[in-house]
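Per chain, numbering begins at 1; letters A, B, ... match sequence-line order. Just so you know, these numbers use all the heavy atoms, side chains as well, and skip hydrogens, waters and symmetry mates.
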Protein chains: 2
Amino acid sequence: MSNVRQIASKAGVSIATVSRSLNNHPNVDPATRQRVFEAAASVGYSKANSLRTGASTVIALAYAGDVVRADYGGFESAMLAGILRGVNERRFDVCVLSLHRDLAPGESYARLLDRKKIAGTILRVFEDSRHVAEQLAGTGLPSVVVADRYAPTSGVNYICCESRIDSRRAVQHLIDLGHRRIALGVHSVRDTDHVDRRNGYEDALRENAIPLDHSLVSEIVASPEGGAGLITRLMSSSEPPTAVYFTDPMATIGALRRCLELGIRVPQDLSIVGFDDSDTRRHTFPSFTAVVQDAEMLGFEAARWLTRRLANPGDGALQTLQVARQTRLEINQTTGRPPKEMCRVLPDGTRVLVSGPQLVPGFVQDQGK
Amino acid sequence: MSNVRQIASKAGVSIATVSRSLNNHPNVDPATRQRVFEAAASVGYSKANSLRTGASTVIALAYAGDVVRADYGGFESAMLAGILRGVNERRFDVCVLSLHRDLAPGESYARLLDRKKIAGTILRVFEDSRHVAEQLAGTGLPSVVVADRYAPTSGVNYICCESRIDSRRAVQHLIDLGHRRIALGVHSVRDTDHVDRRNGYEDALRENAIPLDHSLVSEIVASPEGGAGLITRLMSSSEPPTAVYFTDPMATIGALRRCLELGIRVPQDLSIVGFDDSDTRRHTFPSFTAVVQDAEMLGFEAARWLTRRLANPGDGALQTLQVARQTRLEINQTTGRPPKEMCRVLPDGTRVLVSGPQLVPGFVQDQGK
DNA sequence: CTGATACATTGAAACTGTTCCATCTGTTCC
DNA sequence: GGAACAGATGGAACAGTTTCAATGTATCAG
């Protein structure tokens, strides 16, 4: 195994300087630090795996950007619960990190994690930080991305939940019920998951020769306020939809609440398909039809794989993990036939019957038989 | 500062044996390990504070028992979010631990945390594990309990939220509206928080000379199912209450949902006061009147105090933290006057008018004027 | 009972990484 | 021009962990 003395001789400095460089102490010449970094990389140095100082048994739940608040009904808290369960088998501990908070100038993510004696990482990446996973994949530090996916050749390990197919099925379910004006409320962050759901929505429309109406597609904040605001806006518009697909649980909760507030009956006046990461769909009234992914399971499997891999470095079967689970579509009480008579509902709750031309006749009544 | 050599000479063993003992390696004679533990305690040894190996900058969120799942709408996830925000000032990291999982036979909690190089802990204790905080308080390891309280003389640091006064005010609010048959759905775990809320309920009844009716007090699981089940049971009983106070958010959510399901109008048929740790009360319909504590703030303040204390060991002002914040009572849309005519609502939703003798005449109609 | 074997226990020594302290160097300020 | 200072560095001391060999003890076949 490599050690600081090897790095020192390779970089032509003392071991004290190596230690200072690797730990980002002040008063090290940037050029020297750079040389040390390169030497450390060339000998494959890792503090976490160092034999004499005790192998680390801590894995990180690392956020490529800021730590995302483990929010109510949210993906993060369910996933963390799964991770905490998943590390028990091998008795690893979990440390929650924000990668950018402590990153020193010129330091790589792998070195930051090594400095913190992290043996492996479960990584959460976002639209603008996908590259972090690719950087980490090239290093000796085992890591796995949760809820995003990469090319098989990228070398990035991941476990995600494919939601495009069930998003298509969800919209198809609405179409089968007779809906034609189907709106989409999609999270404004364009990560893989939400792009999948948008694609699934578009797939279903295309397959049924329903033209995509851009006025029915809205990027919203994944929060109750986002969902509620979209309901208000859509239902007061001159030509409201008869169904909406929300791609995240919090927006769905807010939408259902606003419907109750405005007296919009679900599903009699408006059908709603939501998205669920855990059990949220069963806690609303009515229980909402949802594309469901199991965030707890994703966290559990990521943590179990990572800790098994760390415990058995030689096991070839554990070298890579590139898995896409499937979501499932659960039909509950918020989807039904479109209304016979279309109503606008103004923000104050007054209902305005939408007359002739704005309705799409044939469809609504015929398909709903 | 003390080191393994001091311990070795004190215990009459080699430093290798000290190291093995402190790290719970197998093949150490239990009697020897015991001697080493005692010697380590007598010289006040701490690995996390050891100068030459670098002071640890990791604090633990330690659960005295199992890690509690950071659940939907729950206290844990909001608190964790606060902790993660609170450590940023001093750039500490957070490790989530279950104290009992890795505790070796004969090992103290302080030594376990030291073995994991934890500089300080934020502790979650429960009814049967309050003693863990007292054990830790006697050691050199800084710790703070969140959401429970101890005697000032115990030496245990804590930050909690006092909910008895606002629980009393919440029930008083119901009484002021004219309610007399007020039920209580309290979490079956008898931690300080829930005992407070139960006491507040009893305080209000006593002050208003309303006899405590044990059939109206139920210990339930703090879950939507618990809340829903209680609504079904209470409302189908021969003499239903006109108001219920639920002492946790998830039970409140479930109760509101069941009311919508059974056609129980809130607050026209039944008033509900709930409890909220974050923003849940605003995500239901109707928004529920609640005793509100800010779990995120508790986590934030605990983490900020702990990390400041670790960064400034000499600062006398940071030596102890024994703080009780106040909850607040937020009146929303689920509390109103009691109904003029009392109805039982059977589990299938049928309504049965409750006639004469079972009503408490004078009260319901007179007070509601 | 005896000898062989296995295993638990232990200490000395080797080893890894961190920090203290002295030194050297270049810069700034009178 | 020299004193004062700060940045950068290496040697040495140090803290803690693990390897390896030695020792003692239990077990078991004959």
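- Within the structure, the salt bridge (charged side-chain N to carboxylate O under 4.0 Å, His left out) test picks out the following pairs touching residues 123-142 of chain A (sequence neighbours left out): A:E76-A:R124, A:R130-A:D148.
- Between A:Y150 and A:Y158, the angle of the ring planes lies from 30° to 60°, which puts this pair in the tilted group.
- Pairs of residues two or more places apart, or lying in two chains, never qualify as salt bridge (charged side-chain N to carboxylate O under 4.0 Å, His left out) while including a residue from residues 53-64 of chain B.
- With sequence neighbours left out, the side-chain hydrogen bond (donor to acceptor under 3.5 Å, both in side chains) criterion links A:D191 to A:H194.
- Judged by Watson-Crick or G-U wobble contacts below 3.5 Å, the nucleotide C:dA14 has D:dT17 as its partner.
- One atom, CG of B:N27, and another, P of C:dG11, lie 14 Å apart when rounded to the nearest Å.
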Per-nucleotide protein contact string for nucleotides 17-25 of chain C (B base, S sugar-phosphate only, - none; heavy atom under 4.0 Å) = BBBB-----
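- The side chain to side chain donor-acceptor pair (under 3.5 Å) analysis of residues 313-324 of chain A, with sequence neighbours excluded, yields no pairs.
- Residue contacts for A:D29: at a heavy-atom cut-off of 4.0 Å it reaches the sugar-phosphate backbone alone, with no base atom in range.
- Within the structure, the salt bridge (charged side-chain N to carboxylate O under 4.0 Å, His left out) test picks out no pair touching residues 21-36 of chain A (sequence neighbours left out).
- Between A:T32 and D:dT9, a side-chain N or O to OP1/OP2 separation shorter than 4.0 Å is present.
- C:dG11 atom P lies 14 Å from atom CD1 of B:I7, rounded to whole Å.
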